[in-house]
There are 2 protein chains.
Amino acid sequence: MLHVAEAARVSVATVSALINGTATVSPELSHRIEQAIRDIGYKRNAIARSLKMGTTRTIGLTVPHITNPFFTDVVSVIQQAFDRAGYAVMLCCTDEDLNTQDDQIKLLLDRMVDGLIVARVGDGAILKRIVDDANVPVVLLDRICKGVDTDAVVLDNQRAVFDAITYLINLGHRRIGYITGTSDISPMHDRMAGYREALHAAGLPIAEELIRFGNFHEIDGYNATMQMLSSHDRPSAIFSANNPMVIGTMKAIRDIGLSCPEDISVACFDDFPWSDVFQPQLTTVAQPVQAIGEQAANLLLDRLAGNRDAPPRKLLLKGRLMIRNSCRPLGAMAQSVSA
Amino acid sequence: MLHVAEAARVSVATVSALINGTATVSPELSHRIEQAIRDIGYKRNAIARSLKMGTTRTIGLTVPHITNPFFTDVVSVIQQAFDRAGYAVMLCCTDEDLNTQDDQIKLLLDRMVDGLIVARVGDGAILKRIVDDANVPVVLLDRICKGVDTDAVVLDNQRAVFDAITYLINLGHRRIGYITGTSDISPMHDRMAGYREALHAAGLPIAEELIRFGNFHEIDGYNATMQMLSSHDRPSAIFSANNPMVIGTMKAIRDIGLSCPEDISVACFDDFPWSDVFQPQLTTVAQPVQAIGEQAANLLLDRLAGNRDAPPRKLLLKGRLMIRNSCRPLGAMAQSVSA
DNA sequence: AACGCTAATCTAAACGTTTCGATCATGTCA
DNA sequence: TGACATGATCGAAACGTTTAGATTAGCGTT
């Protein structure tokens with residue numbers, strides 16, 4: 001900018017005024033400055049501007065795994081929304097690890113992001129501090145964090161799983177395997193609550209050996225399914241509380257020589273683009289990803305626009321059971337077993 | 001930092017020296033400074049640091065669509081690699097649009113990223129300028145751009161499709177539909193070349209009505225497939241040059257009342273996690289996503305580490321045909337047709 | 001006692017913007 | 001003609017760091 005000012009024989013203040021339109025500049029000087037900008041190929045240094053202005057027009061976004069189709073979609077929507085608003089997005093993947101997440105949030109704050117969208121956080125001590133210090137607005141995604149009182153958009157996880165399990169029960173299933181992630185993360189906790197609630201409401205016992213914990217990855221789903229299917233009294237249906245793990249479930253079913261839905265019914269949380277193309281077409285709980293992403297972006301953009309003092313807003317969205325053909329009725333079979 | 005210095009009764013230079021370890025600070029002052037940092041809760045301002053140092057420890061990454069599983073995986077690998085190296089990643093999605101891409105690259109450069117990984121770029125004028133001005137190192141991904149001489153990691157697309165089409169030909173297929181994205185983008189161009197080369201090598205004619213252009217999205221694959229299947233002389237196999245479009249192909253086959261592979265064989269570019277779980281298990285060309293992401297990250301990190309003057313390095317990786325059960329031999333059927 | 005050497009610390013100038021208040025020319029009004 | 005409002009332009013301080021070079025103190029040599 002200094003060079004531009006010199007070349008145009010004006011002060012830097014005038015150049016800045018022209019660029020930002022913050023003051024009127026005479027046509028003559030305007031012309032000289034524009035010429036100089038072109039000649040030199042000047043580009044404003046956004047870092048210096050950020051330093052002076054105290055805003056980077058950048059937000060931070062952390063998700064557990066971008067390869068999980070739910071997060072892929074949400075990230076995509078959020079990125080588009082902020083792109084439209086002229087913001088850049090810094091993306092971090094936490095690998096479901098609390099320490100990693102805290103580190104990455106620190107990394108983002110170091111870089112002076114103007115706001116933060118944090119997906120699926122555990123009870124991070126850092127996060128609590130951040131929100132309390134209230135330097136930047138934070139939106140929680142997919143998770144409400146006890147003690148952290150801030151904007152959030154989450155799914156009614158318990159209800160969604162309740163509906164799915166109830167559907168299986170109505171099909172005649174009595175022994176329903178449940179594969180979940182570690183339950184220190186609230187969606188996992190709430191989904192499990194939905195499972196228990198549905199069994200309870202139907203007057204069914206809860207068999208603890210049918211509940212398996214994994215670490216969100218395909219291999220965990222595989223192992224959990226293998227264990228359940230190897231038992232003498234195996235379940236007639238399996239519900240997986242996340243999407244990557246259900247791939248493991250399907251592979252285990254295949255490897256053990258069974259088939260879905262003939263031998264065993266399967267359903268899972270989170271829809272994916274292929275779900276109704278291949279066989280079996282998987283019955284899933286679909287989250288409204290578009291709405292989730294947009295709402296989260298809107299909440300944050302609203303804060304960034306200056307609405308800092310409004311009380312925290314919690315948005316609770318509803319999941320939708322996408323019934324396809326991976327679950328079959330168990331009427332006849334249930335009778336023959338009990339006979 | 002000023003406050004810390006005052007509280008510790010030292011100069012800011014000493015504080016800086018301690019924080020960065022750039023000079024020895026006596027134990028006594030160290031202790032006072034550390035105490036002050038804790039008391040005040042001081043955090044270094046990375047923006048000011050970037051301004052002074054001329055480096056942001058941030059890189060920019062642009063991809064066409066993060067929802068395309070190939071790019072999802074690559075983004076994930078790259079993000080991890082830079083996270084390990086202490087860099088942040090700014091992510092942009094260009095939606096396959098050249099203007100969007102140029103805008104986003106400008107956005108990233110404005111923010112003074114230290115380097116850039118650009119996936120699947122067209123012949124962007126901006127990109128050429130950027131690389132020529134050589135302010136920041138650039139790595140091209142999935143694409144070599146004529147006239148832009150910089151580091152790149154790409155697949156041998158022509159060879160990969162040649163292998164896939166040859167496989168179909170060896171199964172007895174003679175009329176093979178080909179669905180591609182707009183061919184101004186080099187992978188699409190090269191893949192098409194592989195298709196033509198394979199037909200040519202087998203002495204088969206190229207039926208232009210079997211080549212359909214789409215815009216990379218599911219709906220385009222759907223429409224293209226519908227058109228081909230509605231003709232009186234429909235193909236016995238379809239190859240889709242990208243992954244989202246093959247979903248459309250499968251849906252069109254289903255909607256028109258045919259089934260794969262019984263009535264029509266299908267294969268496509270890019271593997272995905274579900275490919276061997278459901279039926280039909282799709283035959284695909286798998287790219288070595290892990291290697292691609294890592295190599296790209298390494299090339300850029302090497303430049304960032306100071307190796308600026310090395311000549312541009314082009315890495316050419318090989319695809320791998322993953323043969324599953326979505327393509328069936330056509331021997332008997334071909335005879336009955338020709339009879 | 002004068003000197004030089006080393007280690008610790010500080011002063012002040014940069015980095016590239018924005019912006020407040022000052023300056024200055026010009027035209028208007030009494 | 002003098003006072004004054006208006007509009008355009010500028011000078012300089014500030015944002016929070018890093019760092020080159022200056023300063024100071026302590027200590028061993030001669």
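Hydrogens, waters and symmetry mates are skipped; everything else that's a heavy atom, side chains included, is used. Convention: sequence-line order gives letters A, B, ...; per-chain numbering from 1.
- The two residues A/K314 and A/T150 have their closest heavy-atom pair at NZ-O, 2.7 Å.
- Listed for the A/D83 side chain is no donor-acceptor partner under 3.5 Å among the backbone atoms of A/Q79.
- The pair A/R44-B/D110 does not meet the salt-bridge criterion, since no charged nitrogen lies less than 4.0 angstrom from a carboxylate oxygen.
- Listed in residue order, the members of residues 17-43 of chain A having a heavy atom less than 4.0 Å from DNA chain C are A/N20, A/Y42, A/K43.
- Here the C1' atom of nucleotide C/dT17 and the NE2 atom of A/H3 are 14 Å apart, to the nearest Å.
- The backbone N or O of B/F70 lies less than 3.5 Å from no partner atom in the side chain of B/T72, so there is not a single donor-acceptor pair.
- Toward the 5′ end of DNA chain C lies the nearest nucleotide of B/T14, the other residue of the pair B/M53 and B/T14 mapping further downstream.
- With no hydrogens or angles considered, a side-chain donor-acceptor pair links B/T182 and B/D184 at under 3.5 Å.
- Rounded to whole Å, atom P of C/dT11 lies 12 Å from atom CG of B/L2.
- Under the 3.5 Å distance criterion, with hydrogens and angles disregarded, a donor-acceptor pair is assigned to the side chains of A/T56 and A/D114.
- Protein chain B touches strand DNA chain D; the 5'-most and 3'-most nucleotides with an atom under 4.0 angstrom of its non-hydrogen atoms are D/dG16 to D/dT19.
- The distance between atom CZ of B/R111 and atom P of C/dT17, rounded to the nearest whole Å, is 15 Å.
- Between B/E28 and B/R32 a salt bridge is recorded (basic side-chain N to carboxylate O distance below 4.0 Å).
- Across the protein-nucleic acid pair, B/N45 atom CG and C/dT17 atom P stand 17 Å apart, rounded to whole Å.
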Legend entry - Intermediate values then yes/no, side-chain hydrogen bond (donor to acceptor under 3.5 Å, both in side chains), B/D39 and B/Q35: CA-CA 6 Å; B/D39 289 350; B/Q35 184 68 43; 3.2 Å; yes
